[in-house]
Number of protein chains: 2
Amino acid sequence: MNTIHQAFCIFRNLGGEFQLFNEQSVPNWLEQRAFLTPDRVAIKTECEIVTFKELYEKSKERAYQLKRIGINKDDHIAVLMKNSIEMVTTIHGLMLIGAVTVLLNTKLSETELSWQIKDVQAVKMIYDESFQERIENINEIEKFTVHMLRLYRNGTAEELQHCLMLNDVATIMYTSGTTGYPKGVMQTYGNHFSSAINSAINLTIQADDKWLVVVPLFHISGLSILMRSVIYGMGIIIHERFDARLTNKAIMDEKVTIVSVVTTMLQQMLEQLGKDNYPKEFRCMLLGGGPAPKPVLEKCRDKDIPVFQTYGMTETSSQIATLSAEYSLSKLGSAGKPLFQCEIKIMDNDCRCAPYEEGEIVVKGPNVTNGYWKRDDATSASIKQSWFYTGDIGFLDEDGFLFVLDRRSDLIISGGENIYPAEIEAVLLSHPAVKDVGVSGVEDEKWGEVPCGFVIPSESVTESELIEYCKKNLASYKTPKKIFFVDHLPRNAANKLMRRNLRLSLNGDNNK
Amino acid sequence: MNTIHQAFCIFRNLGGEFQLFNEQSVPNWLEQRAFLTPDRVAIKTECEIVTFKELYEKSKERAYQLKRIGINKDDHIAVLMKNSIEMVTTIHGLMLIGAVTVLLNTKLSETELSWQIKDVQAVKMIYDESFQERIENINEIEKFTVHMLRLYRNGTAEELQHCLMLNDVATIMYTSGTTGYPKGVMQTYGNHFSSAINSAINLTIQADDKWLVVVPLFHISGLSILMRSVIYGMGIIIHERFDARLTNKAIMDEKVTIVSVVTTMLQQMLEQLGKDNYPKEFRCMLLGGGPAPKPVLEKCRDKDIPVFQTYGMTETSSQIATLSAEYSLSKLGSAGKPLFQCEIKIMDNDCRCAPYEEGEIVVKGPNVTNGYWKRDDATSASIKQSWFYTGDIGFLDEDGFLFVLDRRSDLIISGGENIYPAEIEAVLLSHPAVKDVGVSGVEDEKWGEVPCGFVIPSESVTESELIEYCKKNLASYKTPKKIFFVDHLPRNAANKLMRRNLRLSLNGDNNK
């Protein structure tokens, strides 16, 4: 390790211009963690417990396999996997050889996956066998299951990247936007590190912390817990998927201290919990994914459940603001104040809004992305003088607490997944019987919101025909749950579709 | 604030070459802390308690006073003060206007103070009235007491630096070296921030933490606690000076959880403690300032006192390695492993030593200084490819735990103060009756070590004459406690003085 490390640092240090980069070279996180606290439990799943030393050994083995199939530093590698230790070792393995991990949402359709793989210029793909059918026709890339990787063996420590550069891109995650085309958010090691330590400054780090992962690792909500785990030396418990009963059981029986959830999950947990309550060690229910309904927060308050409402997104590498439990009552409904190294302002037409004035939420911090992969236009449109324009609407109160009113104007949040209407509209418009279309979220008891289509037909077509068509081209969570046939769509003077009015039209409330 | 902040960031962002710097701009720590947790207690002294909001208000007022006396961004300002809230607001006030704080050791002689002030090119000095006499003849600089500053008033938020750049120098502290001339160690905001968060990753941050400051704020051991306080939002208790009884009393009565000490302090505390013991909340006795004698560590072990032995120096902005309490028994005597973003290697003649091989301790990390003020030669001699050569001698065991054998070959550590023999030798040599001289540390029950001189006289002179001469030119802790007159000095083939042999000659042991 040492020779390689030195050589690498000397290489980086050759020119004076590299000085700044060089300053930011630090030991690989997992390697350092395994060195510092080898015997601490790193991860627990239903069937396995691994210490940091074991996790490092497994990840090193994975790194050698990835090397043997021809992956090199800086290669973009698509990962389509379910939460598991195999997924964790794949991510760490890719970091150990300096490749960039592209985390794919496992709910995406073949078309969507194929599009992202092409867009990100991934050269290889690692996937779970269970997705075999879904990716069968994606042929522009070499594909490997974990089973296939195991055929490859051997490697030496010299092949690994023992130090990492905080300015290097570690991961790419796709997020859609109002324009409809998903964009690859580049997250650097520095972004992840800053996210982890600013979260720690706010939530504190306790020696007995155990963070429960019931959100997907391909989302920033899950991946950020993995990063905190190696950075803090904190044990995490990983579930393959969210199940309210198993989540509650883990909190009850496993001395979980923190869990990250979105509203729909919290609701199911509360229902399942019934009259029971969580043990005293459980210190933080980190609630993200959009503004939570007050009744849910009030129910938690009545049960003394320590809810920390948070606001963040893929572009901020997890939280940018979090409400501490000490304010959960007096500032109910707020997403709190920015993390220590972060800033938030509300902007309206290039002017900073006064307290309580609504406007776009604009954020800044070392956890904020440098931009979108190969989308200079989108990057310069949303990042101006280091400030990231979220597109979300909100206000600050007189004490500086953030209240989020609406996510990215038209964004639909369904069970914690972000859905952009424009993406669904594009699919519906491609159907020959659709003349014009608008998509909006409609309230749903279980998912918070679900997408619905408002279609002006050009010829005869049924609701189920259109839904079936969407299913073929979109992840099922994006498929409209209902199609309404209409005569006209609400557009403003500039002919811009007023999607909020679509939803309101359902309630017969057109005042707004 | 906002306009200024924006303007500042836009200015920094003008050229693409500033991008990296710009990424590292973050809100001023105290301002952000006062915004995030205004009502938390920041500092408690014998006579005062201030919250973060109050501390910010006081520091802002101090900043305006400093502005009114003509201090500008990037000015070097000497601070000669005792631990107090006034000293804290002066340091934060200087940070709020972007000036560089030069922290002077209050034990220095007039000659030494004058030399450092000139060397660092300080333009103003803020001092405690009690040092009036000591600095009376230092006329090359404008001098202000806090009392004088209070005559100046008024200012507006626009004059303050609301964001800080992590690459900017925040503080300069002088440290001597083997060459005898003190050197100004430049500590950036990034150095202090990294130091604080890497300490937090290792020691954890608890919501009820309260760190007791009984070490001087002009040393990195004290200043680093002040930095952690604003970064974590943690309360600290400041004593003007160390007193074993008052330190124990604070731990007993004030719910102190952490205290930083050096061996001589710990010994006095143990003696004063008698058969008593510390309360359960007290979780960390952070023990720095050189290797501790085993009997002291064993006594702590027997009393269940959680000692965390640490290794660090001015150049590493506090800790670079710390032994966790979990290893305090199995690795007794070790200074532990590096902090999370830090690295340690042992070098001998450009070769990396194997476990247990002794050599120079060489360290790396984002908390390590970029160099010495205007000493490019000293900087390039001690920092090579981002590795800092400490001059200290030690080894790593097979698990990577650091054992420090000897601080900077000839360094004498007396009651936590670093003393460089070369500095004392230079003073003695300037005496007309001294032909040649060597200075070495000799064991002392109270101070650990005290400096002693070995003099070859050129004419008749007494021990007390020479000690008196030193007192006039050196801080009293540096003044030799004894002078031995000798016929010759131990020098090696290259005529290099073998100072270790001076000490050994006293014991009649010349084997080494």
Side-chain angles (χ1 to χ4, degrees), chain A residues 2-3 5-6 9-10 12-13 19-27 29 32-33 35-38 163 166-167 190 193 196-198 200-209 230-233 283 324 326 336-343 345 352 364-366 368 370 384-387 399-400, chain B residues 2-3 5-6 9-10 12-13 17 19-27 29 32-33 35-38 163 166-167 190 193 196-198 200-209 231-233 283 324 326 336-343 345 352 364-366 368 370 384-387 399-400:
Chain A
N2 304 327
T3 341
H5 187 152
Q6 264 179 282
C9 297
I10 289 167
R12 290 279 185 169
N13 205 26
Q19 190 56 35
L20 267 171
F21 281 98
N22 187 60
E23 275 169 30
Q24 302 181 317
S25 131
V26 289
W29 297 335
Q32 178 81 339
R33 180 47 64 198
F35 165 54
L36 294 180
T37 56
C163 65
L166 293 178
N167 282 318
F193 188 75
I197 58 127
N198 280 290
I201 289 173
N202 186 44
L203 299 179
T204 75
I205 313 180
Q206 313 217 333
D208 62 352
D209 269 340
V230 282
I231 293 168
Y232 306 166
R283 70 182 185 91
S324 330
E326 60 195 289
K337 288 182 176 177
L339 300 191
F340 188 69
Q341 292 187 299
C342 304
E343 293 166 87
K345 60 183 181 181
R352 201 152 181 160
K364 184 170 178 257
V368 173
N370 292 330
K384 294 164 194 166
Q385 275 108 36
S386 303
W387 287 92
D399 300 319
Chain B
N2 303 328
T3 339
H5 187 154
Q6 265 180 281
C9 296
I10 289 168
R12 290 280 184 169
N13 205 26
E17 56 185 316
Q19 189 56 33
L20 266 172
F21 281 98
N22 188 59
E23 276 169 31
Q24 303 180 318
S25 131
V26 289
W29 296 334
Q32 179 80 338
R33 180 46 65 198
F35 164 55
L36 294 179
T37 55
C163 65
L166 292 178
N167 282 318
F193 188 76
I197 59 129
N198 280 291
I201 289 173
N202 186 44
L203 299 179
T204 75
I205 313 179
Q206 313 218 334
D208 62 351
D209 268 341
I231 292 168
Y232 306 167
R283 69 181 186 91
S324 331
E326 61 195 287
K337 288 182 176 177
L339 300 192
F340 188 69
Q341 292 187 298
C342 304
E343 293 165 88
K345 60 184 182 181
R352 202 151 179 159
K364 184 170 178 257
V368 174
N370 292 330
K384 295 165 193 165
Q385 276 107 37
S386 304
W387 287 93
D399 299 320

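No experiment lies behind these values; they were computed from the predicted model shown. Chain naming here is simple, since letters A, B, ... match the order of the sequence lines and numbering starts at 1 in each. Computation of the quantities below employed the complete heavy-atom set of this structure, encompassing side-chain atoms and omitting hydrogens, waters and symmetry-equivalent molecules.
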Honestly, the part of P338(B) sitting under 4.5 Å from a heavy atom of chain A is both

Who pairs with T204(B) by side-chain contact (heavy atoms from CB on, under 4.5 Å), at least two apart in sequence or on another chain? I205(A), A207(A), Q206(B), R283(B)

Less than 4.5 Å to any heavy atom of chain A: does that hold for the side chain of I197(B), its backbone, both, or neither? side chain

Under 3.5 Å: donor-acceptor pair, side chain of Q32(A), backbone of L339(B): yes

Where is the tightest heavy-atom contact between L166(B) and Q341(A), given as atom of each residue plus distance? CD1-NE2, 4.3 Å

Look up atom OG in S25(B) and atom CD in Q385(A), then write down how far apart they are to the nearest 0.5 Å. 12.0 Å

Closest heavy-atom pair and its distance - C342(B), P27(A): O-CG, 4.1 Å

For D399(A), which atoms come within 4.5 Å of any heavy atom of chain B: side chain, backbone, both, or neither? backbone

In terms of heavy-atom pairs under 4.5 Å with chain A, the winner among F193(B), W29(B), Y232(B) is F193(B)

